[in-house]
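What follows is a set of notes on a single structure, which appears directly below.
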There are 2 protein chains.
Amino acid sequence: MNKRQVSSEHHHFPWDHPRFRSWIAVARACQLMQQTLTRRLAHLDIKPPHLDILVNLYRFEGISQQELARKLLVGRSNMSMLLPQLEKRELIERRSDARDKRVLRLSLTPTGRTLTEEAMEIQTALIEDSHGGAPIEDCMKIAESMERMIAILLKEDRELS
Amino acid sequence: MNKRQVSSEHHHFPWDHPRFRSWIAVARACQLMQQTLTRRLAHLDIKPPHLDILVNLYRFEGISQQELARKLLVGRSNMSMLLPQLEKRELIERRSDARDKRVLRLSLTPTGRTLTEEAMEIQTALIEDSHGGAPIEDCMKIAESMERMIAILLKEDRELS
DNA sequence: ACCATAATGTTCAATCATGAACATAATTGT
DNA sequence: ACAATTATGTTCATGATTGAACATTATGGT
């Protein structure tokens with residue numbers, strides 16, 4: 001059915017659109033995934049936002065707070081609130097850059113690295129579990145679709161700044 | 001040992017797993033979608049959580065707060081916080097059920113209905129935009145995958161209650 | 001009928017995320 | 001060189017979400 005026809009008809013509801021239904025499913029799956037991950041991480045005393053940070057520090061040693069915030073699609077102020085907590089727990093370190101005195105370079109402590117590895121195991125296991133043995137090719141196609149969407153949405157983002 | 005070392009059979013880092021990368025993409029897409037939707041709804045003075053509520057009231061007239069919370073995968077207390085706001089703005093009504101004096105039956109006011117229709121247009125348009133003309137069949141496959149995941153995760157949910 | 005249990009909704013304190021306003025440091029244009 | 005602009009990080013007030021404790025009402029077992 002044609003998009004234009006659909007949107008000009010009288011008796012159609014958003015939830016009758018395949019794209020709409022599909023997107024609702026994606027959103028609900030994300031929500032559930034977050035909640036389940038929160039439960040499974042509870043015994044490590046970290047939450048999904050912390051894990052996101054730790055994984056990125058694991059991957060990109062020496063990243064700045066700004067870069068980190070951009071990768072995570074959150075505000076800088078969010079990092080300013082969360083990172084000192086992780087620093088107090090001695091999971092991460094913040095050292096100021098000699099060249100640019102504005103930036104703080106982030107890295108994991110040995111303790112933080114160990115914790116991150118444990119947490120990543122949990123996350124990976126959850127992702128495997130929740131996929132229930134679905135074929136890898138499906139995953140790849142989903143990833144493609146999502147990355148296209150991300151590109152489109154980021155473009156809109158940048159256009160209004 | 002080289003961090004970047006990856007065998008074709010065994011993935012050493014989470015981000016080398018197709019499922020992991022795919023899931024990260026899904027999560028980021030959701031995040032961006034929420035942020036964009038928040039911006040596009042701003043002039044109506046509602047946010048995505050409010051829209052979720054309104055759409056469900058549009059669809060399921062007379063639903064209770066408990067049922068609504070279950071559909072939205074949020075806590076009952078969340079509804080107790082948000083619904084009075086919408087009621088004060090005269091977008092919804094809450095009438096107590098005669099048969100069961102515990103439950104409050106929810107419905108949209110005419111104003112609320114109109115606002116909901118406007119907001120749903122915006123949401124539908126955003127979903128269409130962000131998909132960038134991807135084929136409907138891809139959407140359907142994604143929906144299937146997500147619904148399978150939702151089923152699996154809900155099962156785990158119920159098992160520990 | 002009666003007591004125990006479950007279901008529904010509210011309140012409250014705690015936590016998370018955000019944007020605006022701010023301070024400091026770097027960069028650019030002239 | 002210097003003023004204007006941009007970039008980085010912090011602080012603060014605000015709003016969203018949660019879970020626990022609570023009050024009220026239904027339901028079930030005896």
TODO: Please name all residues satisfying side-chain contact (heavy atoms from CB on, under 4.5 Å) with B:Asp129, sequence neighbours left out, ordered by chain then number.
DONE: B:Arg40

Task: Connected-component partners of B:Val103 among ILVMFWY, side-chain separation under 4.5 Å - done: none

Open item on the list: For B:Glu90, give me all partners under side-chain contact (heavy atoms from CB on, under 4.5 Å), at least two apart in sequence or on another chain.
Closed with: none

Open item on the list: Clusters formed by hydrophobic residues whose side-chain heavy atoms approach within less than 4.5 Å: which one holds A:Met140, and what are its other members?
Closed with: A:Ile136

Open item on the list: According to salt bridge (Lys or Arg N to Asp or Glu O under 4.0 Å), does anything in residues 141-152 of chain A pair up with another residue at least two apart or in another chain? List the pairs.
Closed with: none

TODO: With sequence neighbours excluded, tell me which residues meet side-chain hydrogen bond (donor to acceptor under 3.5 Å, both in side chains) with A:Gln65.
DONE: A:Arg94

Short heteroatom pairs, N/O only, protein and nucleotides 19-23 of chain D, under 3.5 Å:
residue, atom, partner, partner atom, Å
D:dG19, N7, B:Ser77, OG, 3.2
D:dG19, O6, B:Ser77, OG, 3.3

Result block: side-chain N/O donor-acceptor pairs under 3.5 angstrom for residues 66-85 of chain A, not counting sequence neighbours:
residue, atom, partner, partner atom, Å
A:Glu67, OE1, A:Ser64, N, 3.0
A:Glu67, OE1, A:Ser64, OG, 3.4

TODO: Please list all pairs passing the side chain to side chain donor-acceptor pair (under 3.5 Å) test where one or both residues lie in residues 23-33 of chain A, with sequence neighbours left out.
DONE: A:Arg28-A:Gln31

Open item on the list: Near DNA chain C, counting only heavy atoms under 4.0 Å, which residues of residues 98-107 of chain A show up?
Closed with: A:Arg99, A:Asp100, A:Lys101, A:Arg102

Open item on the list: To the nearest 10°, give me the bend of the helix from C:dA1-D:dT30 to C:dT30-D:dA1, comparing the axes of its five terminal pairs at either end.
Closed with: 30°

Open item on the list: If the condition is salt bridge (charged side-chain N to carboxylate O under 4.0 Å, His left out), which residues does A:Glu117 pass it with, not counting sequence neighbours?
Closed with: none

